[in-house]
Amino acid sequence: MVKNMKNNKGFTLIELIATIGIMILIGLVIVNNMSGILSKQHDEEYNTFKKKLEDGACIYAETKWDDDYRKNCKVNNNCSVSVQRLIEAGYIEEDLKNPNNDELVKDNQEKYKVKVYWTTDNVKNCEMNGE
């Protein structure tokens, strides 16, 4: 009995190319999703950083400023709280870092001022200037 059929145990070139192409496509999808996740995480870290500064300034303004100073802020709309005051009062930590550039806020205080103002209907707002 003679066997005329070959025993093929390997893959053809087309099967290998198709498999590699599919693997590359899956890899690209994974990398794209990971970069989106990392970007979203970075945005969340920066928003948390910004919120710490703004919340600290709002608490500082509420507890440290008298009514006359608040009225002046309503009229002029240009009151701000420095990082140094927030650190001294204990409303933010001295080692608070900006996640965008990994710099301590105390090392570049002029960059991180928080504007505090009251609207005409007596609603307090705190917004970080810059970045």
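Both backbone and side-chain heavy atoms feed into the values below; hydrogens, waters and symmetry mates do not.
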Query raised in the report: Which of these passes salt bridge (charged side-chain N to carboxylate O under 4.0 Å, His left out) with Lys106: Glu94, Glu88, Glu93?
Result: Glu94
Query raised in the report: Is the backbone of Met128 close enough, under 3.5 Å, to the side chain of Glu54 for a donor and an acceptor to pair up by distance?
Result: yes
Requested in this report: Work out which heavy atom in Arg85 is nearest to a heavy atom in Val81; give both atom names and the distance.
Outcome: CB-CG1, 4.3 Å
**Report entry** Between CG on residue Asn98 and CG on residue Leu53, distance to nearest 0.5 Å
**Finding:** 8.5 Å
Requested in this report: Using the side chain to side chain contact (heavy atoms under 4.5 Å, CB included) rule, take Leu96 and Ile87 through it: C-alpha gap first, then chi angles, then the decisive distance, then the call.
Outcome: CA-CA 10 Å; Leu96 183 63; Ile87 291 171; over 6 Å; no
**Report entry** Nearest-0.5 Å distance that lies between atom SG in Cys79 and atom NZ in Lys115
**Finding:** 9.5 Å
Query raised in the report: Should Val114 and Tyr46 be counted in the same cluster of Ile, Leu, Val, Met, Phe, Trp and Tyr side chains packed under 4.5 Å apart?
Result: yes
Report summary line: Value for OH (Tyr112) from CD (Glu103), rounded to nearest 0.5 Å, stands at 3.5 Å
Query - Common cluster, Ile24/Ile30, ILVMFWY with side-chain heavy-atom separation under 4.5 Å - result: no
Report summary line: Between the CD1 atom in Ile59 and the CD1 atom in Ile92, the distance rounded to the nearest 0.5 Å is 11.5 Å
Report task. State the CG-OG1 distance between Asp43 and Thr48, to the nearest 0.5 angstrom. Result -> 10.5 Å
**Report entry** Closest non-hydrogen atom pair between Ala57 and Cys126, with its separation
**Finding:** C-SG, 4.2 Å
Query raised in the report: Linking I/L/V/M/F/W/Y whenever their side-chain heavy atoms sit closer than 4.5 Å, directly or via other members, would Ile20 and Leu28 fall into one cluster?
Result: yes
Query raised in the report: Is the count of non-hydrogen atoms from other residues, nucleotides or ligands lying under 6.0 Å from Lys52 atom NZ greater than 12?
Result: no
Report task. Verify the cluster assignment for Met23 and Val31: are they in a single hydrophobic cluster under the rule of side-chain heavy atoms below 4.5 Å apart? Result -> no
Requested in this report: Please examine the side chains of His42 and Asn100, heavy atoms only from C-beta on, and report whether any two atoms are closer than 4.5 Å.
Outcome: yes
Query raised in the report: Is the shortest heavy-atom distance from the side chain of Val116 to the side chain of Tyr60 under 4.5 Å?
Result: no
Query raised in the report: Between Lys64 and Ala89, which heavy-atom pair has the shortest distance, and what is it?
Result: CE-CB, 4.3 Å
